[in-house]
Structures are given as C-alpha cells and as structure tokens.
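Computed over heavy atoms, backbone and side chain alike; hydrogens, waters and symmetry mates excluded.
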Amino acid sequence: MARALTLARIVLLVVVACAVLAGCRKSDSSKETQPTDSQSKPSSDANGVSDKAPLFSDITKATGIDFVHAAASTVRDHPTKHYYPDIMAGGVCAFDADNDGWIDLYFTNGSHPDLCATSQYDCRDRFYRRNAAGSFVDETDASGLGHTGYSMGCAVADIDNDGDLDLYVTAYGQDVLYRNDGDGTFTDITKSSGVDNAEWSASVSFLDYDVDGWLDVYVTNYVDYTEAVTCRDAAGRFDFCGPKSSPGVADVLYRNKGDGTFEDKSIAARIAAVSYAGLGVVSGDLDGDGWPDIYVANDADPNLLWINQKDGTFVEEALMRGAAYNAGGEAEAGMGIAHGDPDNDTRIDLFVTHLIGETNTFYRNIGNGDFDDETAITRLGVASLDLTGFGTAMFDADLDGHADLAVANGAVKRRATPLDNRTDFWSDYAEPNLFFHNLGDARFAQPTPPTSLSQSLGTSRSLLPVDIDRDGDLDVIITNIDHPPHVYQTNAPNGNHWLAVRAVTADGMRDAIGATVEVVFNQSERRTSWVAPPGGYQSGGESVVHFGLGSAADFQSLEVIWPGGQRERFGGGKANRTINVQQGTGTIVVPAGSPG
C-alpha cells in the first residue's frame, strides 16, 4: 500500500491545494462559507431537534449494543502481533431481519486461534434485534446466525424472491450464505447453495446482471495471504503487511439459478481474467443502457469497471473510461466506494477512498459511463492526505437536496506520529473520520466546528448510512477494529423534507436492485439515485432510496428505469413519507405505518 510519491502525484497535490486555497472554479462569496454543524436548524419539535442540535449525536450507549470487535493482533503472546486480516476487518449490515418494520444489526467479527482460545473473547459474529423500547438486544443464538470463522464483511438482499432479506458474509476463509426463514431465524445454506468461495474476500454487491429476475452475487477477493508471511516497518518492527506482499486473487461472480442454488460464472463472464487485490464494489447502470455494470476498488492495483454486454459477459473498460487511475496516472490504494449524484446532473458519480499520502478520488460521470477525476474541483482531496480511508457513503444528511459525504478512517501502517495519546496496541493506527457538507454545486467543505462523527479517534472500517429510527433522515454506523462500533443519530433540520422510495419488481416480492429512480420537485429540480444496497466497503443494508427535498413539502413525479431499460413514470404526492412503486403498475402505494 505504501509507495513513494511520483512527480505526477506531486503535480496533482499542487492542483488540489490550489482548489482548496484559491478556488479553481468561480463562485460567489456565500458559497465559500464553511457550514456549521447546526446549520439552518429551526425551533425544536417532538423529536427534540432544536436550532442548536448537532447534525450528529453519538447514541451508541443508548442503543444497548455491547459488541466489541475482536482482533488477534491485540493478544500480546501472538508471534508477530500483526495478523494481516485484522487490519482490514470490521463489517456491519443493517436490515429488517424479521419484517417488523424496524432495523436490526449484524456485526462481523475476528476469529483467530490465539484469540478465541481465551475465554475473554467472543469471536462470533453478533446479531442484534431492535426491541419495542427502541434499543437492541443480542439474539445471535436465537437467530441461527453468529458465524465463527474470520468474518470480514456482509451484505443483504432477497436471493430467493420470498420477501425476506438474506445475508451473505465474506471471510478470510469460507464465505457463508444465510437464508432468512421468515420468522426471525436464519439457516446456513452455504453448501447446498453452491457458494464455495474460500478465498480472502471483502465486499459483496448483489445485482441481476442477466436481468432474469433473480439476484446474482459479485464478491471481491483480496490477496492470497498465509500467516507465514510477515512484514516489518522501516525501523525493523513488525507491522501489518500490504497487498504487494501476497499475490492478488480474481473476484468471483455467482449466477442465481432461481432454485436456491448458484453457479460460478466468473470465467464465462470474463471476471476471472483479472487477479487484483479487490476491496470495495458497487453495481449499477453506469453507462445508461439500463443494464447493471460493476465498479471495483483495488488496493494498489488499477480499479476495474466491468461493462455489461447484455449476453452474460462483461468487458473491463476502466482505463478507456477514465476510472482506472487518478489524474496523475497512478493506481491508488482503493478501499471503499461511495456512489451518488452530488452535482445533481442525473448521472451517478463515484468516490474512492485511499491510503495516507494519497488523496481520496472523486470520479465525475461525464456521460455514457465515462469519468473525469475532479477531486481538485470538489475539494475532497487535501483533508484525506494524512488519513487512510475505508468505508464511505454519499447521502443527504441534512436533507437540503444535495448529497453530502462521510469517510471512515484508520491507518494500516503504524503512524509516524500517533494521533491518539492512549497506549493500547491500536493507538498507533487511530485516526479521525471525515464528514463533508455539499455546498450545493458538488464542492464540499468540512463543517466548523467539526461534527461529532468527525471527532472520535479509532481504527474505523465500515461506514453505513441507515434510517435506524425511521424518522426520514439517515443515521450512521461506523465499525472500529478491536473496539465497539459507533452509532450516530442524524438530526436533520426540521424545515427540510424527505422522500424514501422502495422500488419493487413486477411480482411485488423484492427490491428492484439495479433500477434507477429520479424524483422531480419544486417543478423542475431533479434528483437521481440507484436502487442498490448501501455500503461500498464490507457493509450492506436495505435498498430503499432516500432523497432530501429541501424546503419542498411535495414532489411532482417519479420516473423509474427498471433493470433492462424499461422506463415508467409515476405521479407525485406529499413528502416526508416512504412510498412503494411496483414495476408495471404506474401507481404509488403508501405502506401501512409509513413515517410522515
């Protein structure tokens, strides 16, 4: 992951600094103002949000979640104390597992003999169900979940079209697939389903790549690492290895046969032709032809953009489309991916997090699936230079109609100057997270003073926006290696409005993953998003599309481009609620119990 800066990189950093210090795009002075954490918040309402309420409130203790991630490197008698999978681990999934209308949580955990042999560590993954009081209760045993291998990440989707969300867990070792049995319990169907990936895997994207009505699975595989491989820092001390210490591994694509089983189509679909160190992944219609494509962030290798050929195969076109390398022509340490439309041009852009000494990179979609590195223009580069980014997400935190951005950070190599004054093992790797407010034209700024999300130090990995309290704004969960997760409640300004859209297939059974949804409000303003599980690094959640509408209390229309390219227009209605749109009906349905 560590590389010396090239001349091209130095030139790029000068350009980025220019954008931040001088401004590379003309704008009026009001747009240069740094937003505050409590920006534009009117008087308090029944939820206790006031004009002085912070945008994010840390509610971890109130949730009742007592999970602590386990990492073998913390065990002092471990031979090297730097077990490579430890530094990459820590996933979370948030979904309504029992169909009671509320979000439940699944955390992945470490599992190493040196660690799990001691009684003080619970090395299982943990499942928490939300109870009637609004807190979470550990129901790992009762649910049938609780993988005991070395888990990395997870993702959720309805693989059998029965209306329940199933769970895929990646691992350093055998992946696991759990079927949701519909009564709050799960069954391990890994062997019977044909999912046999035993590589070190990281992130998962569900997609219907052949548009046959059944969700397929794309899994990123990392490197072929064994514990015999050890690494040291410049001072000769043991430290965590990087991706170039072990060979890369090809990703895997499983086709859903529709009978409860999957077949490995990696070779037939041409995915197996490339063996890189894969980490983050997202899928969606990037070139505008109605069929889902796949974008992969690779660690110290070029990123991949698999363009769907509509015949069961993909062609890798990241280089020719401007998304393989940064503007300096370098392959960076790709970790997590965020997708969204922060410039509101109805095209989905991409943001990739990277290693300390590199900037995170914003790839703007300029049309037809082509991209430009506009990190400098968006002002997202400089703040990331001294940090290592992993999980990231674009979401409209304050519901003002412009997508904001958050990044979970944590070093992978011992920092030269620790930021944490504690003396535990992980203090050398702890870093603050980042939150950027969208100024309204796809230029970003960090709020002053910083949000609480940005103030805590940790070795953070997954970052997942999810509406835990079902109040219409997206809360945030961040995982931390060898430490508890953080749960942040979002307090969006009361004067801003929202709309949540669940787009479902023609049979009404599952989310239409791969569809594109566009909402029109204020007569002519448009916002676009994919129907896709959130989470670009080892995390996943429900595929409900959330829009901030600013001051608009209603919307004029919705248009959905369904998988395969069919367009369908729906009418408008009131904001501040969740609505369902079903393919082929042309009718909006407000589900019973919808907020707002």
To the nearest 0.5 Å, what is the distance between [atom1] on [X] and [atom2] on [Y]?
X      : Y      : atom1 : atom2 : value
Thr313 : Trp306 : OG1   : CH2   : 10.0 Å
Leu474 : Ile468 : CG    : CD1   : 10.0 Å
Arg461 : Ser539 : CZ    : OG    : 13.0 Å
Asp341 : Arg526 : CG    : CZ    : 12.0 Å
Ser193 : Ile159 : OG    : CD1   : 6.5 Å
Asp467 : Gln489 : CG    : CD    : 10.0 Å

Polar contact flag, side-chain donor to acceptor under 3.5 angstrom, [X]-[Y]:
X      : Y      : result
Asp396 : His546 : no
Ser201 : Asn221 : no
Thr190 : Gln174 : no

Which residues share a ring pair (Phe, Tyr, Trp, His ring centres under 6.0 Å) with [X], sequence neighbours left out:
X      : value
His69  : none
Phe314 : Tyr209
Phe555 : none

Would you check if the side chain of [X] reaches a backbone N or O of [Y] as a donor-acceptor pair within less than 3.5 Å?
X      : Y      : answer
Asp293 : Leu286 : yes
Asn109 : Arg124 : yes
Asn303 : Asn298 : yes
Ser283 : Ile294 : no
Asp160 : Gly260 : no
Asn161 : Gly213 : yes
Asp299 : Pro243 : no
Asp475 : Thr490 : yes
Thr140 : Arg126 : no
Glu518 : Arg527 : no

Compare all side-chain heavy atoms of [X] with those of [Y] and state whether any distance is below 4.5 angstrom.
X      : Y      : value
Asp473 : Trp498 : no
Tyr295 : Val281 : no
Trp102 : Arg129 : no
Arg270 : Val315 : yes
Leu463 : Ile477 : no
Ile513 : Pro533 : yes
Val501 : Val581 : yes
Met394 : Leu405 : yes

message = Classify the ring geometry of Phe351 against Phe362: parallel below 30°, tilted from 30° to 60°, perpendicular beyond 60°.
response = tilted
task = Could you check whether the rings of Tyr84 and Tyr225 sit parallel, tilted or perpendicular, using 30° and 60° as the cut-offs?
result = perpendicular
query = Quick one: which of Ile348, Val296, Leu207, Ile337 gives a side-chain contact (heavy atoms from CB on, under 4.5 Å) with Val282?
reply = Ile337
ask   = Among Val560, Ile561, Thr516, which residue meets the side-chain contact (heavy atoms from CB on, under 4.5 Å) test with Arg567?
value = Ile561
message = Determine whether Phe262 and Leu177 satisfy the following criterion, side chain to side chain contact (heavy atoms under 4.5 Å, CB included), listing intermediate values before the conclusion.
response = CA-CA 11 Å; Phe262 292 80; Leu177 180 59; 3.8 Å; yes
message = Please evaluate residues Tyr150 and Asp86 with respect to the criterion side chain to side chain contact (heavy atoms under 4.5 Å, CB included), reporting the C-alpha separation (whole Å), side-chain torsions for both, the decisive distance (0.1 Å), and the verdict.
response = CA-CA 9 Å; Tyr150 201 112; Asp86 280 349; 2.3 Å; yes
Salt bridge or not for [X] and [Y], using N-O below 4.0 Å?
X      : Y      : value
Lys574 : Asp554 : no
Arg470 : Glu542 : yes
Asp216 : Lys265 : no
Asp181 : Arg179 : yes

request  = Run through Trp200, Tyr537, Tyr172 and flag the one making a ring pair (Phe, Tyr, Trp, His ring centres under 6.0 Å) with Tyr222.
outcome  = Trp200
task = Could you go through the salt bridge (Lys or Arg N to Asp or Glu O under 4.0 Å) check for Asp345 and Arg364 one step at a time?
result = CA-CA 10 Å; Asp345 65 354; Arg364 181 172 179 267; 3.5 Å; yes
inquiry  = Under the criterion side chain to side chain donor-acceptor pair (under 3.5 Å), I'd like the reasoning laid out for Gln538 against Thr108: C-alpha separation, chi angles, the key distance, then a yes or no.
reply    = CA-CA 9 Å; Gln538 296 188 169; Thr108 66; 5.8 Å; no
task = Applying side chain to side chain contact (heavy atoms under 4.5 Å, CB included), run through Leu215 and Tyr254 and close with a yes or a no.
result = CA-CA 9 Å; Leu215 289 176; Tyr254 291 108; over 6 Å; no
ask   = Would the number of heavy atoms belonging to other residues, nucleotides or ligands and lying under 6.0 Å from CG of Asn368 be above 12?
value = no
